[in-house]
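When a ligand or atom number is given, it counts from 1 through the structure's own listing order. Along the sequence shown, residues are numbered consecutively beginning with 1.
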Amino acid sequence: MKNFISTSEWSKEELQDILDYSKDLKDNKFQETLKNKSIALLFFNPSMRTRTSFEIGIQELGGYAVVLHPGKDAWPIEFKLNSVMDSESEEHIIEVAGVLSEYCDLIAIRAFPKFINLDEDLSDNVINSFSKYASVPVVNMETITHPCQELAHILTLQEQLGDLSGKDYLLTWTYHPKPLNTAVANSSIMIASKFGMNVKLLCPSDDYILHSNYTSQAESNCKANGTSFTVTHDIEEGYSGANVVYAKSWGSLNYYGNPEPEKLIRDQYKHFIVDENKISMTDNAIFSHCLPLRRNIKATDAVMDAKYCVAVQEAGNRMHVQKSLLTTLLKDK
Ligand code: CP
């Protein structure tokens, strides 16, 4: 039984097989690969794209999805072992994972970092606890990484650019009024490096460099592929010659759990917005973002409305890659 918690546990060839089948599913939407399969989608955080694409995708393959929001329409869950449960939680992950495994063929989880304790968030305890106590496959719908977004991102880049080997890829930090999850940024550098691109990480200062758990994976993927991984704080150097520009905002790891002083620093970097001037420094790059995106904060209207912006195509591809992934995970069951 295989989980899909991080793409680091999957080879490039295995991921490419999922991408190839998703191209078939894009042309032939209605197949019966999930007939009589039931899937639990657990959201600890809000979603638009993920919930819609999973729910409809499962239905299109003949399966059934149940959507639960623990702490709202389902009981709050305790994750600490040996806990005396005298607070808000009504049941323990051991029973929750066991019961859902009785009812369902697969469990998918969205559980963002809480941005209070970095070590706790890096442990990815919610999804790893489901994986430990469930007897069915577990899929990550975004925790401290976002592997389903990675698949949709790479499918979109392959549709636009063909073979990605040796292409120049820029992940740029952008401003946002709140410190956001690093998940998509972590995922972006891991998958771009795995698929053979030269990866540049552009962020305003060392405060915004991603955690070494993820930069070290990107570095080692680049080393294995004979490509480069570089970090820059210089906007022109970042954009220069890029074939792909991917944008994301995230909070500083150096100010984890300390949003007020971090905001004073972050507010100095509003000029990291993606605009036409920056895109003009690239090698006719395509631009994307995982969405949701605040227009004229993270990217200008002109960039979002340009032909080179493929963010909506990438969001559309979420559906196809997830259908392919679920079929792959459940086909031998
Ligand atoms: N990109 C993404 O996961 O979108 P949602 O947060 O709307 O699901």
Under 4.0 Å from ligand 1, counting heavy atoms only, is it the side chain of V184, its backbone, both or neither?
neither
Using a 4.0 Å heavy-atom threshold (strictly under), name the region of R110 that reaches ligand 1: side chain, backbone, both or neither.
side chain
Please table the atom pairs, donor to acceptor, closer than 3.5 Å between any side-chain atom in residues 184-195 and protein atoms at least two apart or in another chain.
| from | atom 1 | to | atom 2 | distance (Å) |
| --- | --- | --- | --- | --- |
| N186 | ND2 | I144 | O | 3.0 |
| N186 | ND2 | T182 | O | 3.3 |
| N186 | ND2 | T182 | OG1 | 3.0 |
| S187 | OG | H146 | N | 2.8 |
| S187 | OG | E150 | OE2 | 2.6 |
| S187 | OG | A183 | O | 3.4 |
| S188 | OG | Y169 | OH | 2.9 |
| S193 | OG | I189 | O | 2.7 |
| S193 | OG | M190 | O | 2.9 |
| S193 | OG | N221 | ND2 | 3.0 |
| K194 | NZ | T7 | O | 2.8 |
| K194 | NZ | W10 | O | 2.6 |

Taking the side chain from D121 and the backbone from K114, do they hold a donor-acceptor pair closer than 3.5 Å?
yes
Indicate yes or no: does an N/O atom of P46 lie under 3.5 Å from an N/O atom of ligand 1?
no
What atoms of ligand 1 come within less than 4.0 Å of a heavy atom belonging to H146?
2 (C), 3 (O)
Give the numbers and elements of all ligand 1 atoms closer than 4.0 Å to a heavy atom of S47.
5 (P), 7 (O), 8 (O)
For atom 2 (C) of ligand 1, which candidate among R318, M141, M48, E314 provides the closest heavy atom?
R318
Using a strict threshold of under 4.0 Å (side-chain N to carboxylate O), is an ion pair present between R49 and E142?
no
Considering non-hydrogen atoms of the protein only, which is the closest contact for atom 4 (O) of ligand 1, and what is the distance?
R49 NE, 2.9 Å
Answer with yes or no whether R51 contacts ligand 1, where contact means a heavy atom under 4.0 Å from a ligand atom.
no
Between S8 and S6, is a side chain to side chain donor-acceptor pair (under 3.5 Å) present by the stated rule, with each step listed?
CA-CA 5 Å; S8 62; S6 165; 2.7 Å; yes
Without swapping roles, check the side chain of R266 against the backbone of G251 for a donor-acceptor pair under 3.5 Å.
no
When the aromatic ring centroids of Y256 and F115 are compared, is their separation below 6.0 Å?
yes
